[in-house]
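Just so you know, these numbers use all the heavy atoms, side chains as well, and skip hydrogens, waters and symmetry mates. Chain naming here is simple, since letters A, B, ... match the order of the sequence lines and numbering starts at 1 in each.
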Protein chains: 2
Amino acid sequence: MQSGVDTSAPVYSKNGAAVREQTVSSGLNQSKGSSMPKKNPVSIQSINPKVLNAEYAVRGEIVIRAQALAEELKSNPGSHPFDEIIYCNIGNPQSLGQKPITFFREVVALCDHPSLLDKPETHALFSSDAISRASRIINKIPGQTTGAYSHSQGVTVCRDDIAAGIAARDGYPANPEDIFVTDGASPGVHMMMQLLLSSEKDGILCPIPQYPLYSASIALHGGTLVPYYLNENSGWGLELNELKKRLQEAHDAGTTVRALVVINPGNPTGQVLSEENQQDIVNFCKDEGLVLLADEVYQENIYAEGKTFNSFKKVARSMGLEDKDIVIVSFQSVSKGYYGECGRRGGYMEVTGLPKDVKDQLYKLASVNLCSNVSGQILVSLVMNPPKPGDSSYEQFARERDSILSSLARRAKVLTEAMNKLEGVSCNAAEGAMYVFPRLYLPKKAQIAAGEAGMKADVFYTRRLLDSTGIVMVPGSGFGQVCATSLKKMAISHTLYEELI
Amino acid sequence: MQSGVDTSAPVYSKNGAAVREQTVSSGLNQSKGSSMPKKNPVSIQSINPKVLNAEYAVRGEIVIRAQALAEELKSNPGSHPFDEIIYCNIGNPQSLGQKPITFFREVVALCDHPSLLDKPETHALFSSDAISRASRIINKIPGQTTGAYSHSQGVTVCRDDIAAGIAARDGYPANPEDIFVTDGASPGVHMMMQLLLSSEKDGILCPIPQYPLYSASIALHGGTLVPYYLNENSGWGLELNELKKRLQEAHDAGTTVRALVVINPGNPTGQVLSEENQQDIVNFCKDEGLVLLADEVYQENIYAEGKTFNSFKKVARSMGLEDKDIVIVSFQSVSKGYYGECGRRGGYMEVTGLPKDVKDQLYKLASVNLCSNVSGQILVSLVMNPPKPGDSSYEQFARERDSILSSLARRAKVLTEAMNKLEGVSCNAAEGAMYVFPRLYLPKKAQIAAGEAGMKADVFYTRRLLDSTGIVMVPGSGFGQVCATSLKKMAISHTLYEELI
């Protein structure tokens, strides 16, 4: 990375010597001697061990190495057998060439610079419904600006639009008071973990393989991850008996399980849950008093024939369950779907069934961070309320949306088929989300070489892949995937559809 | 708050009865009886006590009451002796009518919708240097979009510009690798507390009165706030002997102090530290091995004759101290200064002197949240690199900046004088920042009435003020200010200059 400043400039000037004298004379240890506290400068030994324990493989050692290789390619072209790094470690579509949806960006730009709304030239540059949408939003924001702190749960007009979008999606009402708008989905997950986890005696049931945000957040907040394993042989099936078994084991180990995390569509595994399966999960949480943390950020990314997305709240309501019966938290983000607006950090969580006094505590947590970025708040309100047939932007919007989704679906199919044609590789179909999670059977020699290099075999393979091709993938172990009884079975994964084809 | 949906719509439909049967038959407790884990639904007793203990008065009970009053005024105009709520509880200038700086918003809007950059009509709507700045930034962002996750420390071009701005401000080089771009300053503070605090045995020296972000973050991360008191009688002076005394007391109580928080210019107290005072503080941190957490978000808000802002890093470098001598973290934000872009959530921390292995852990913490919002990253790079003389926007930029700063300075003076003219009120001059922190001497009857209402006298006064005028202020106790030996001395405070005059 280059520096924006002249690092050859002198750093230590201005009577350094005189100052050093002063340093000595004012030194506390000198003036008071051994009765004073000992120095305890910050070191790897002194910092919070919870931070040391947290791991986040999708931005871990392989990615850090990839960034170093990218710098080497920049400073010394031709220094590697490839010309560019291809980041398939995380769902970041726009970094790989996906274009933003025009309507969304028009509205966001107009809200950022509202004086455009009064100028005739603007009509030559922006669609008329983008102008009217931006006017409506900005006029409803207190202060008519994106530059003021909003209510800590988000601007009212954005929460109203999000709630309306949820109601239209599910056929059941949604309450703006239940919406917490956040900088992407991750801060919402952290807030819930912070709220629910008091100590390592508190556990969270988490799928394995899982998106490592969950293991990292649980570790950072000092709780215990209670794993339940998705069944690769049944297309990453989520089986109720597995949940019951793991809950019982945790109970016997003295862990109080507070919540169940379900990622649907699955990340990194791509499966889409059936409504029956979801009903069993809802009943399980209701009967066991578990908060259902529903990661639904891939709700628009469904490709398999006959599969549809049902929010857990919709499923619970269709079962006749209400707030008093079950606590459901649904996470949504502008980073995924067809919009792929990762860098805008927009998202929300819909929190239903939380007792009033606990919800007040959640509000307090939100208020300590003041509010999420208002531009992202506007974007998530647009994502939940896109142009409708008849709006002047609708045709272009639908064209852009459909071409992105059909391309993702095509690539999911092509990539899975290609994986399954490779010797020693098997891969479940990606019914949804943005990734494939293939299993590789490595030859004995590779496993021995990995052992000699002191690496897990999947890390060894992923690193070799990076060094020889510039392709960045994440070892399956980074998602907690077990290598079963031997290293023969091993998942390399999280292959973003973008690129590779 | 109105709902965006029809809440009269039926919530419970679709074979609820059949489902209830299913609920019973699949009930785990029924199926396995008492050997199964007991239900532990989330309740105020079951959640993280650290969350319960955290307080954040600037968005606390008074503000929540104000929001309720605002709703009453909306639904029932004339229901209170005032027509609007005037929020003076937090520095939120644009919510009170301050206009954003045009150049900043032009660049942000162009980066949001880069296709504008190629259109001739754009030149009729945007200044030419805004267009060239936006082109330069967007072309240097990988993917040429604000919609991709960036490096977890921030986009390289933004960190380069921030580092260049710091170097120009201080006269000492800054390294882009030391910059962590964040969603406002608050997430940086949380990250440092999370990194430094392992248990209640770890302490942070914090000024009293303080911006309650610090007490809240320390409480949430399970550490101990070690208070040091600013001397109101010497204009909120920060005295070295007080620091030494409190450090010794903490040491004797078995607390290991990890860091010292200094807010300069002061929030809520408005004092600006002298360079000599800063040198003493730097030596103190160096000698005691304390991380210096320097809240410098009001660096552009200085009004007192002859006072100037010196960053702690500049002071340390001018003393000849380098990375190996002291760890300094400087927080900056787009929310304050003359820009007041609170809702954009842009900020950074410059972290110098941290050992490499510890810095890697800080990077990991940043990576778990992926990145801060890229639009805010761009804005903070602009704030640190505004238009320069000769740029086509410079005259308008300078005019807008100077009118905001001179207005803030005027209001600081007028408000302080007005406070001091009131019977039973005394108020230190506001040398900088955005607040005054007056002291009120309440009559005995008021103190008795407060006691009878079961409230702290300052809370009682602040609430009465809200109910009778609609003005929202924060009780001094919300900043940890002691009411001395009796309730006679009491600070009501955090009066934002905006409004009231």
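- Contact annotation for S199(A): neither backbone nor side-chain heavy atoms come within less than 4.5 Å of a heavy atom of chain B.
- In this structure, Y339(B) has no ring pair (Phe, Tyr, Trp, His ring centres under 6.0 Å) partners at least two apart in sequence or on a different chain.
- Heavy atoms closer than 4.5 Å to chain B are found in the side chain of V291(A), but not in its backbone.
- Using modelled atom types, one finds no donor on one side chain facing an acceptor on the other under 3.5 Å when comparing R345(A) with S375(B).
- Looking at I326(A), neither its backbone nor its side chain comes within 4.5 Å of chain B, counting heavy atoms on both sides.
- Proximity to chain B (any heavy atom under 4.5 Å) is shown, for L220(A), by both the backbone and the side chain.
- Interface remark: V327(A) contributes side-chain atoms only to the contact with chain B (heavy atom separation under 4.5 Å).
- Between the side chains of N369(A) and H190(B), a donor-acceptor pair is found at a separation under 3.5 Å.
- Only the side chain of D183(A) comes within contact range of chain B, judged by heavy atoms closer than 4.5 Å.
- Side chains of T145(B) and R344(A): a donor-acceptor N/O pair is absent below 3.5 angstrom, by distance only.
- Y149(A) pairs by the ring pair (Phe, Tyr, Trp, His ring centres under 6.0 Å) definition with nothing, not counting sequence neighbours.
- For the residue pair N48(B)/H221(A), the side-chain donor-acceptor check at 3.5 Å is not satisfied.
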